[in-house]
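Every value quoted in this text rests on a predicted model; they were computed, and no experiment measured them.
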Amino acid sequence: MTYPLVGGRTAGPSAAERAYRHLKRSILEQLYPGGSLVSEGEIAEATGVSRTPVREALLRLEAEGLVRLFPKRGALILPVSAREIADVIEARRLVEVHAAERVWPRRAEIRVDLAARLARMRAAHAAGDLTALMAADRAFHATVVDAAGNQILAELYQRLRDRQLRMGEASFRLSPRWAEAALTEHAAQLAALDTDDPQPWLAAVAAHIETAARVFLGPR
């Protein structure tokens, strides 16, 4: 994000934006777990801003469905429900398979970017860095969605992955074989891009989403 120039230099994010980023990151990474109550004062102290921008940040997060505000008490971090998980997986199927179909004619172009994302995933896995692995995994998928060329779907997808990140880290820690499966399945997607038939590629994309569904929801 580019900020306007102030006094000949690029201005940083506003106080409200800083509070928003801090709180959203803390929710997604489960530093503030679902069901916990955080006060405006606690957030203001953590971010070094006043309570007014904190309120602005909380209103944005409430609109995104991540918190529920209680006057004079603070914000309740909404826990992840089974319905939310199912809805996120269903929406991912719709967006990602559609995007995979759209990018097939440009497969040689995106393959280079996807190979770089997969290399980052492997490096993070080798280092035992789950957070970096999940970020690289997200970037792999976003590369395909962004390449489809629909900005509205790309923005929707980012919100979906925000929600998945919140539900994901704990699930992945409880499913240690997820990393190996993710690396194998992403490699299969790359291999499918080297063929002349789009069906293996589409099947590999769909199968990977089903793996995520099993991790989050259990066998169906």
How close do [X] and [Y] get, heavy atom to heavy atom, and via which atoms?
X: Ala148; Y: Val103; result: N-CG1, 3.6 Å
X: Gly48; Y: Arg18; result: O-NH2, 4.4 Å
X: Leu160; Y: Val88; result: O-CG1, 4.0 Å
X: Val144; Y: Ala99; result: O-CB, 4.1 Å
X: Gly74; Y: Leu37; result: C-CD1, 4.2 Å
X: Ala16; Y: Ala57; result: O-CB, 3.8 Å

Less than 4.0 Å between a side-chain N and a carboxylate O, is that true for [Y] and [X]?
X: Arg55; Y: Glu40; answer: yes
X: Asp87; Y: Arg83; answer: yes
X: Asp137; Y: Arg161; answer: yes
X: Glu17; Y: Arg60; answer: yes

Notebook entry, point to check: Going hydrophobic residue to hydrophobic residue with side-chain gaps under 4.5 angstrom, can you get from Ile110 over to Leu118?
Noted result: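 Hydrophobic grouping puts Ile110 with Leu118.
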
Margin query: Closer than 3.5 angstrom, by distance alone: can the side chain of Arg138 be matched with the main-chain N or O of Gln158 as a donor-acceptor pair?
Written below: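 A pair under 3.5 Å: yes.
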
Checklist line | Flag, side chain of Trp201 to backbone of Gln189, donor-acceptor distance under 3.5 Å | finding: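 No: the side chain of Trp201 does not pair with the backbone of Gln189.
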
Transitive ILVMFWY cluster of [X], excluding itself - 4.5 Å side-chain cut-off:
X: Val49; value: Tyr20, Leu23, Ile27, Tyr32, Val38, Ile43, Val54, Leu58, Leu59, Leu61, Leu66, Val67, Leu69, Ile77
X: Val112; value: none
X: Ile152; value: none

Margin query: For a 4.5 angstrom cut-off between non-hydrogen side-chain atoms, does Lys24 reach Asp162?
Written below: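 Result yes, sub-4.5 Å side-chain heavy-atom pair found.
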
[atom1]-[atom2] distance between [X] and [Y], expressed to the nearest 0.5 angstrom:
X: Arg117; Y: Thr143; atom1: CZ; atom2: OG1; answer: 4.0 Å
X: Glu56; Y: Ser14; atom1: CD; atom2: OG; answer: 7.0 Å
X: Thr47; Y: Arg21; atom1: OG1; atom2: CZ; answer: 13.0 Å
X: Asp113; Y: Phe140; atom1: CG; atom2: CZ; answer: 10.5 Å
X: Arg214; Y: Ile89; atom1: CZ; atom2: CD1; answer: 10.5 Å

Next item on the list: Would you sort out whether Thr211 and Ile209 count as a side-chain contact (heavy atoms from CB on, under 4.5 Å), showing the intermediate values?
Entry: CA-CA 5 Å; Thr211 296; Ile209 299 170; over 6 Å; no

Item checked: Test side chain to side chain contact (heavy atoms under 4.5 Å, CB included) applied to Ala182 - qualifying residues, sequence neighbours left out ->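 Once residues adjacent in sequence are excluded, the partners of Ala182 under the side chain to side chain contact (heavy atoms under 4.5 Å, CB included) criterion are Met121, Trp178, His186, His208.
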
Notebook entry, point to check: Between Met134 and Thr131, is a side-chain contact (heavy atoms from CB on, under 4.5 Å) present by the stated rule, with each step listed?
Noted result: CA-CA 5 Å; Met134 291 177 66; Thr131 300; 6.0 Å; no

Margin query: Once side-chain hydrogen bond (donor to acceptor under 3.5 Å, both in side chains) is applied, what residue pairs with a partner in residues 96-108 remain, sequence neighbours excluded?
Written below: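 Pairs touching residues 96-108 that pass the test: Arg92-Glu96, Glu96-His141, Glu96-Tyr157, Arg106-Glu109.
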
Item checked: Residues in side-chain hydrogen bond (donor to acceptor under 3.5 Å, both in side chains) contact with Asp194, at least two apart in sequence or another chain ->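 Asp194 satisfies side-chain hydrogen bond (donor to acceptor under 3.5 Å, both in side chains) with Arg111 once adjacent residues are dropped.
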
